[in-house]
Amino acid sequence: MEALTPIFEGLKKLLSRLHEGARRLLLQGLAVLVETRDPAMLYHVASSIGVYGEYYDEPSPAWPGFFKEYGGSEIELPRPLQASGVDVLKAIASRRSRREYGGPLTLQEISTILYYSVGITGWETGWPLRAYPSAGALQPLEAYVAISQVEGLEPGLYHYNPRRHTLVLLRRGNIMNDLQRACLEQEFVSKAPAAIIYTALYARTASKYGTRGYRYIHLDAGTAIENTYLVAEALGLATVVIGAFYDDMLCKLLDIDCRWELPVAVMPIGKRVG
Ligand SMILES: Cc1cc2nc3c(=O)[nH]c(=O)nc-3n(C[C@H](O)[C@H](O)[C@H](O)COP(=O)(O)O)c2cc1C
């Protein structure tokens with residue numbers, strides 16, 4: 001119990017610093033935590049917009065910019081396909097989570113999936129717009145690609161640069177076994193010729209929406225994930241979204257700071273089998 005003393009002290013200090021609306025939301029959230037024993041409910045209540053417009057607006061980090069750019073060897077992706085010949089309604093109706101993968105994939109398949117999932121599909125007064133809708137158009141998502149078997153690409157971990165529609169090689173070597181370990185050993189992961197790992201740069205969304213931004217980054221991600229499913233479906237490929245992973249292990253694998261860049265989903269991709 002003594003270990004709790006500094007936490008109570010810290011909480012008292014925090015409450016005294018917050019403006020009245022935020023303090024009320026946090027106190028309501030704490031009461032719900034005690035009642036339900038579910039920390040998710042504490043977050044849910046604390047990140048609500050109250051009927052009087054009260055809002056928990058911490059943290060309010062600085063805007064980190066639209067693009068996370070890595071230096072290094074850059075691979076230009078081919079132009080994404082302009083049409084697949086599969087009607088979007090058909091793709092939605094036939095979409096399934098598929099856990100068997102053939103390979104290899106082509107660079108154009110990777111290019112097409114990335115572009116129509118999280119690529120820049122327009123600009124408005126100097127502001128990029130993406131294939132996925134985004135709260136406040138703040139675009140928190142980053143896409144990494146683990147490659148084991150893609151024609152024209154050496155195995156390794158890559159980062160997608162949407163501004164130039166390129167891949168930047170971050171690390172050489174096949175990491176699919178490590179990725180499988182990070183995904184709670186789900187045994188189909190290492191068989192995929194490629195996997196997209198979506199992360200969210202929380203500060204992009206929190207810079208405007210404060211703590212409510214945590215809800216929004218996952219809504220943003222859900223829309224991008226569905227894009228990936230539908231493009232894979234239209235191209236005759238297979239994918240599944242994985243939400244079960246060891247956060248720390250995945251962050252280490254990607255070499256990202258897990259406090260601000262949050263892993264959201266892993267999507268193995270391969271040729272459809274059967
Ligand atoms: C948020 C989320 C997390 C998921 N995590 C996993 C996962 O870790 N492993 C897995 O095999 N499938 C995972 N799935 C896929 C679901 O199992 C799948 O969508 C569900 O069984 C319905 O099947 P369908 O997608 O073919 O319609 C996840 C789906 C969602 C939406």
Side-chain angles (χ1 to χ4, degrees), residues 38-41 43-44 47 84 86-103 105 109 112-114 116-118 130-135 139-149 157 175-202 205 212-254 256 258 261-274:
D38 186 347
M41 292 300 114
Y43 173 73
H44 182 73
S47 64
S84 73
V86 176
D87 191 273
V88 69
L89 303 185
K90 278 232 167 81
I92 291 171
S94 64
R95 180 212 62 79
R96 288 274 76 87
S97 294
R98 303 180 198 277
R99 300 173 181 85
E100 259 188 274
Y101 309 107
L105 293 172
E109 285 166 335
T112 302
I113 287 191
L114 287 169
Y116 291 102
S117 296
V118 289
R130 304 295 191 109
Y132 67 96
S134 174
Q139 306 163 36
L141 302 180
E142 295 292 327
Y144 297 80
V145 194
I147 301 276
S148 73
Q149 264 191 293
L157 175 66
I175 64 158
M176 299 310 274
N177 283 332
D178 296 327
L179 191 59
Q180 175 164 309
R181 212 163 300 128
C183 293
L184 276 61
E185 284 292 4
Q186 298 186 62
E187 77 290 339
F188 52 86
V189 175
S190 62
K191 314 257 176 6
I196 298 179
I197 303 130
Y198 288 122
T199 68
L201 222 63
Y202 177 50
T205 304
R212 192 173 176 84
Y214 189 78
R215 297 187 188 208
Y216 292 160
I217 60 175
H218 291 93
L219 291 174
D220 278 28
T223 63
I225 287 163
E226 181 68 351
N227 286 346
T228 307
Y229 263 110
L230 295 182
V231 178
E233 198 62 26
L235 298 182
L237 305 177
T239 191
V240 59
V241 60
I242 293 178
F245 49 77
Y246 298 115
D247 293 73
D248 274 357
M249 208 185 276
L250 198 49
C251 288
K252 280 200 188 99
L253 198 57
L254 300 176
I256 57 175
C258 227
E261 185 171 353
L262 316 176
V264 187
V266 177
M267 300 189 77
I269 298 169
K271 296 270 200 242
R272 196 179 308 163
V273 177

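Whatever order the structure lists them in is the order used to number ligands and atoms, beginning at 1. The analysis underlying the following values was restricted to heavy atoms, covering all of them including side chains, and did not include hydrogens, waters or symmetry mates.
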Closest non-hydrogen atom pair, [X] against [Y]:
{"X": "Leu184", "Y": "Tyr246", "value": "CD1-N, 3.7 Å"}
{"X": "Arg272", "Y": "Leu237", "value": "NE-O, 3.3 Å"}
{"X": "Pro193", "Y": "Gly102", "value": "CG-O, 3.5 Å"}

**OP:** Anything under 30° is parallel, anything over 60° is perpendicular, the rest tilted; go ahead and classify Tyr202 against Tyr214.
**Re:**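 Rings of Tyr202 and Tyr214: perpendicular, over 60°.
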I need the nearest protein heavy-atom contact for [atom]: residue, atom name and distance, please.
{"atom": "atom 28 (C) of ligand 1", "value": "Val241 O, 3.2 Å"}
{"atom": "atom 18 (C) of ligand 1", "value": "Ser97 OG, 3.5 Å"}
{"atom": "atom 16 (C) of ligand 1", "value": "Arg99 NH2, 3.9 Å"}

Subject >> Those atoms of ligand 1 less than 4.0 Å from some heavy atom in Phe188 >> reply: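 Within the 4.0 Å cut-off of Phe188, ligand 1 contributes 11 (O).
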Subject >> Ala244: numbered ligand 1 atoms lying under 4.0 Å from its heavy atoms >> reply: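 Those atoms are 8 (O).
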Subject >> Val266 vs Ile196, side-chain contact (heavy atoms from CB on, under 4.5 Å): CA-CA, chis, key distance, verdict >> reply: CA-CA 6 Å; Val266 177; Ile196 298 179; over 6 Å; no
Original post:
Going through the distances and angles, do Arg96 and Glu233 end up as a side-chain contact (heavy atoms from CB on, under 4.5 Å)?
Top reply: CA-CA 8 Å; Arg96 288 274 76 87; Glu233 198 62 26; 5.6 Å; no
Original post:
side chain to side chain donor-acceptor pair (under 3.5 Å) with Lys271: which of Glu100, Glu109, Gln149?
Top reply: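 The side chain to side chain donor-acceptor pair (under 3.5 Å) with Lys271 is passed solely by Glu109 among Glu100, Glu109, Gln149.
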Original post:
At a 4.0 Å cut-off, with the gap strictly under it, does some heavy atom of Phe245 reach an atom of ligand 1?
Top reply: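 Phe245 does not count as a contact of ligand 1 under the 4.0 Å cut-off.
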Subject >> Any Arg95 heavy atom less than 4.0 Å from ligand 1 >> reply: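 Distance cut 4.0 Å: Arg95 passes for ligand 1.
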**OP:** State whether the shortest distance between N or O atoms of Val240 and N or O atoms of ligand 1 falls below 3.5 angstrom.
**Re:**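 No; every N/O pair is 3.5 Å or more apart.
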Subject >> N/O separation below 3.5 Å, Gly243 to ligand 1 >> reply: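 Yes, at least one N or O pair falls under 3.5 Å.
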Original post:
Is it true that Arg99 and Glu187 make a salt bridge, defined as a side-chain N closer than 4.0 Å to a carboxylate O?
Top reply: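 No, no charged N to carboxylate O under 4.0 Å.
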Could any protein non-hydrogen atom be found less than 4.0 Å from [atom]?
{"atom": "atom 30 (C) of ligand 1", "result": "yes"}
{"atom": "atom 6 (C) of ligand 1", "result": "yes"}
{"atom": "atom 22 (C) of ligand 1", "result": "no"}

Original post:
So between Arg96, Gln186, Arg98, whose heavy atom ends up nearest atom 27 (O) of ligand 1?
Top reply: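 When every heavy atom of Arg96, Gln186, Arg98 is considered, Arg96 comes closest to atom 27 (O) of ligand 1.
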Original post:
For Ala131, does its backbone N or O pair with a side-chain atom of Asn227 as donor and acceptor, under 3.5 Å?
Top reply: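 Checked: pair present.
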